[in-house]
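Since this is a predicted model, take the numbers as computed values, not measurements.
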Amino acid sequence: GARLPYMSAPVRLFALLSLGLAYLSASAAVWNVTSPDRQVELVVSLDAQGALRYRVTQRGQPVVLDSRLGFEAADPALNLLDGFEFVSTREREHVGEWTPVYGERQSIPERFRERTLALRASKSGLRLDIVVRAYPEGAALRYEFPADADRGPLKLAAEGTEFRFPAGAFGYEEHGTEGEYARVPIAAIKKNCERPLTVDLGDGRWTCLVEAALENYPRMLLSPSRFGSGALASALSGPATLDLRAGGATPWRAFIVGDRPGDLLERNHLVLNLNPPCAIADTSWIKPGKAIREVSLSTPGGRACIDFAVTHGFRYILYDAGWYGHEYDDEADARGVHLDPKRVGHIPNHPGLDLPAVIAYGRERGVGVFLYVNRRALERQAAELFPLYQSWGVAGVKFGFVNVGPQEWTTWVHHTVRLAAAHQLMVDIHDNYRPTGFTRAYPNLLTQEGVRGNEQMPTATHNATLPFTRLPAGPADYTICIYDKRVKPTRAHQLALAVTGYSPLQLLYWYDRPAQFDRAPELAFLDHVPTTWDDTRVLDGEVGAFATVARRSGRDWFIGSITGDAPAGRTLAIPLRFLPAGTKFTAHIYENDTVPRATRVRTEVVDATTVLRPALPPAGGQAVWLTPQ
């Protein structure tokens with residue numbers, strides 16, 4: 001029988017009486033699951049009409065109020081919004097940890113309690129399971145359709161999952177994966193808001209609504225519920241079709257919870273925990289690192305970038321669009337070099353690109369080559385391109401302008417990442433794709449854009465918003481710039497972004513030209529900063545105002561602090577009590593100089609009792625590298 005030690009007495013009695021029954025009489029019923037630390041609870045109820053609802057609490061306080069569950073089927077005769085009958089329930093508990101191939105922390109705790117409610121639609125007999133989990137970091141739920149050899153495809157017109165937050169809650173609304181954020185009442189959020197959605201619950205607590213384990217299903221956006229009352233609901237980017245002969249599951253709808261905005265980033269491993277383990281047997285070829293973009297599309301340019309990479313501790317160079325023709329040309333052939341005249345035609349006596357020679361030059365110096373390939377070529381040629389690139393010695397592929405949203409494109413992009421893994425190619429997906437933890441199963445997917453980064457030159461306020469809104473979902477390829485004249489924040493702020501953000505493949509100097517500043521002293525910070533970490537801690541922060549993040553690699557620590565655009569700036573207090581007691585560290589500090597935008601470099605000796613107190617101007621920042629003496 002089921003273990004029910006953490007259920008209330010009435011619920012326990014009901015569950016014990018109900019196990020094994022094939023039909024539930026017309027009376028309301030309630031089931032719950034509580035996290036191993038007893039802080040988070042998710043409750044599911046079935047009312048007299050057979051309609052499902054759920055709610056989430058943290059320490060007894062509401063995170064999500066009673067909200068609807070279910071689907072709208074394409075076949076109007078198939079009712080999946082109510083009329084459900086209880087069949088059985090089962091539960092399990094998992095307490096463990098796992099080691100990622102790379103990440104924001106060396107070891108990831110994975111502790112949860114899970115309950116599965118088996119249900120049957122009364123009219124059609126269709127079976128549906130509701131799976132709910134409670135973790136110390138939050139709660140999650142999803143739908144599973146058991147395999148049924150007698151049924152064919154199930155077409156879902158819409159998903160009816162609601163998200164009803166407490167009165168007075170505010171959300172950080174964003175439209176478009178490269179949009180700006182606005183703090184608005186939940187009831188004021190317009191249709192097709194992006195996820196993740198960070199919510200200020202109004203009583204000092206925070207939650208972040210994330211989508212996890214999206215694979216063969218439409219992307220979820222968020223729209224006002226058609227049932228009103230200020231709730232949000234899942235807005236799928238198109239219909240979904242599930243093959244019931246094999247069974248199927250939706251992605252998880254999950255809530256990271258915390259007592260401060262920084263908890264949402266510190267606990268973002270919840271997204272990974274909701275995904276399956278690594279599916280790649282040999283991951284030795286997957287090597288995160290820093291990369292620089294080659295823009296001349298030439299052999300000398302590639303060699304120069306490789307030389308720069310060797311000098312500054314970078315692992316890769318990237319040949320961007322144009323190396324195989326115009327990226328928007330549906331007939332462009334990515335099986336060979338065909339330089340786009342629109343990108344190189346203005347360069348007198350262009351020397352051309354001998355890609356095999358550049359790859360060989362990089363191999364001799366320990367530097368790999370990534371190639372940008374637009375989705376047009378990938379859709380037509382991926383099965384031919386990837387074994388070819390593997391034979392060339394290419395390290396990875398940057399997917400460009402992939403289609404996202406509908407189920408067919410969700411399936412395509414993840415199939416293509418798997419195909420890349422079969423040929424030992426790492427992947428960076430650009431533009432509108434956002435992570436849902438697929439990288440746990442396929443860590444060759446190093447990073448993705450899905451962020452308003454330096455291609456749009458955003459404000460400092462936007463940058464100070466990202467750690468608490470976009471980054472709880474996973475890595476973001478921000479394409480950091482330092483010296484381009486269009487950059488709005490200070491250079492110290494831009495340096496610190498390499499710590500406040502996370503991207504295992506970190507593209508640096510995106511619009512910069514390294515030959516112009518190769519000896520600038522502040523660039524030593526980017527020479528030393530890693531792209532993956534053994535520990536991550538958000539020391540302090542307020543959404544849009546400031547953020548201070550500390551990350552450890554080996555015995556070294558790196559701290560990034562940034563402020564938004566508030567005219568008064570901000571003086572921070574950064575205690576270093578996370579350092580091991582009794583050990584002196586040399587702090588290499590890169591901070592704003594009195595000259596506008598310039599950076600001052602200095603060192604001081606610190607230990608666990610030290611409190612750094614940087615006075616940051618508007619759009620300012622400080623980057624610190626701590627190494628033990």
Side-chain angles (χ1 to χ4, degrees), residues 104-107 262 265-266 289-290 311-314 463-464 467 480 482 489-502 506 508 517-542 545-563 569-629:
E104 294 180 83
R105 46 196 61 83
Q106 187 177 34
S107 179
L265 181 59
E266 281 195 357
K290 290 169 284 191
T311 301
H312 294 277
F314 286 28
N463 292 342
I480 294 173
I482 309 296
T490 65
R491 291 173 185 169
H493 179 112
Q494 295 297 106
L495 293 175
L497 292 178
V499 182
T500 60
Y502 167 65
Q506 187 73 272
L508 298 173
F517 52 81
D518 203 1
R519 293 181 177 83
E522 64 261 33
L523 299 189
F525 182 79
L526 296 182
D527 292 354
H528 292 287
V529 69
T531 66
T532 59
W533 307 97
D534 297 321
D535 194 5
T536 291
R537 304 189 188 187
V538 183
L539 304 183
D540 205 355
E542 297 175 9
F546 76 102
T548 297
V549 180
R551 302 185 192 261
R552 178 177 63 83
S553 176
R555 297 182 65 198
D556 288 5
W557 282 88
F558 294 79
I559 305 173
S561 296
I562 57 175
T563 54
R570 185 178 290 264
T571 297
L572 305 180
I574 307 173
L576 302 185
R577 51 178 172 262
F578 54 83
L579 296 177
T583 302
K584 297 290 185 182
F585 282 73
T586 299
H588 305 265
I589 300 173
Y590 305 80
E591 59 191 4
N592 303 283
D593 203 346
T594 54
V595 177
R597 295 176 62 87
T599 306
R600 177 174 62 225
V601 182
R602 62 183 179 88
T603 62
E604 64 176 270
V605 178
V606 301
D607 60 24
T609 67
T610 302
V611 179
L612 300 178
R613 300 186 184 276
L616 303 185
Q622 184 190 70
V624 181
W625 169 35
L626 299 164
T627 186
Q629 290 194 329

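For the side-chain hydrogen bond (donor to acceptor under 3.5 Å, both in side chains) test, no residue two or more places apart in sequence or in another chain qualifies with H588. Take A619 and apply the side-chain contact (heavy atoms from CB on, under 4.5 Å) test, not counting sequence neighbours, and it matches A460, P489, D565. Scanning for side-chain hydrogen bond (donor to acceptor under 3.5 Å, both in side chains) contacts around R105 gives N268, with sequence neighbours left out. With sequence neighbours left out, T500 forms a side-chain hydrogen bond (donor to acceptor under 3.5 Å, both in side chains) with no residue at all. Taking R613 as the reference, nothing meets the salt bridge (Lys or Arg N to Asp or Glu O under 4.0 Å) condition, with sequence neighbours excluded. A search for ring pair (Phe, Tyr, Trp, His ring centres under 6.0 Å) contacts involving Y590 returns F525, not counting sequence neighbours. Under the side-chain contact (heavy atoms from CB on, under 4.5 Å) criterion, T532 pairs with Y102, P288, Y502, P504, sequence neighbours left out. In this structure E266 satisfies the salt bridge (Lys or Arg N to Asp or Glu O under 4.0 Å) test together with R260, sequence neighbours excluded. Evaluation of the side-chain hydrogen bond (donor to acceptor under 3.5 Å, both in side chains) rule for T311 yields no partner, not counting sequence neighbours.
Between I559 and A550, the shortest heavy-atom contact is CG1-CB, 4.1 Å. Taking each heavy atom of G621 and A492 in turn, the nearest pair found is O-CB, 3.2 Å. In terms of heavy-atom proximity, V624 sits nearest to A587 at CG1-CB, 4.2 Å. Minimum heavy-atom separation, Q494 to N463: OE1-ND2, 4.0 Å. Shortest non-hydrogen contact noted between A545 and R570 is CB-NH2, 3.8 Å.
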Query - Residue pair L526, I482: steps toward the side-chain contact (heavy atoms from CB on, under 4.5 Å) verdict - result: CA-CA 10 Å; L526 296 182; I482 309 296; 4.0 Å; yes
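Between the CG atom of L616 and the CD atom of Q622 there is a distance of 6.5 Å, given to the nearest 0.5 Å. From E522, atom CD reaches atom CD1 of I589 across 15.0 Å, with rounding to the nearest 0.5 Å. Rounding to the nearest 0.5 angstrom, the gap separating the CD1 atom in I480 from the NE2 atom in H493 is 9.5 Å. Interatomic distance, OG1 of T586 versus CG of L626, reported as 9.0 Å (0.5 Å rounding). Here the NE2 atom belonging to H528 is positioned 8.5 Å from the NZ atom belonging to K290, to the nearest 0.5 angstrom. If you take CD on Q106 and CZ on R552, they are separated by 6.0 Å, rounding to the nearest 0.5 Å.
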Cut-off 3.5 Å, no hydrogens considered: what does the side-chain donor-acceptor table look like for residues 535-542, sequence neighbours left out?
from	atom 1	to	atom 2	distance (Å)
D535	OD2	R537	NE	3.0
D535	OD2	R537	NH2	3.2
T536	OG1	E104	O	2.6
T536	OG1	R551	NH1	3.0

List, one per line, each side-chain donor-acceptor pair under 3.5 Å for residues 571-585, sequence neighbours excluded.
from	atom 1	to	atom 2	distance (Å)
K584	NZ	D607	OD2	3.0

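The side chain to side chain donor-acceptor pair (under 3.5 Å) contacts involving residues 554-563 comprise T548-S561, D556-W625, D556-T627, where partners must be two or more places apart or lie in separate chains.
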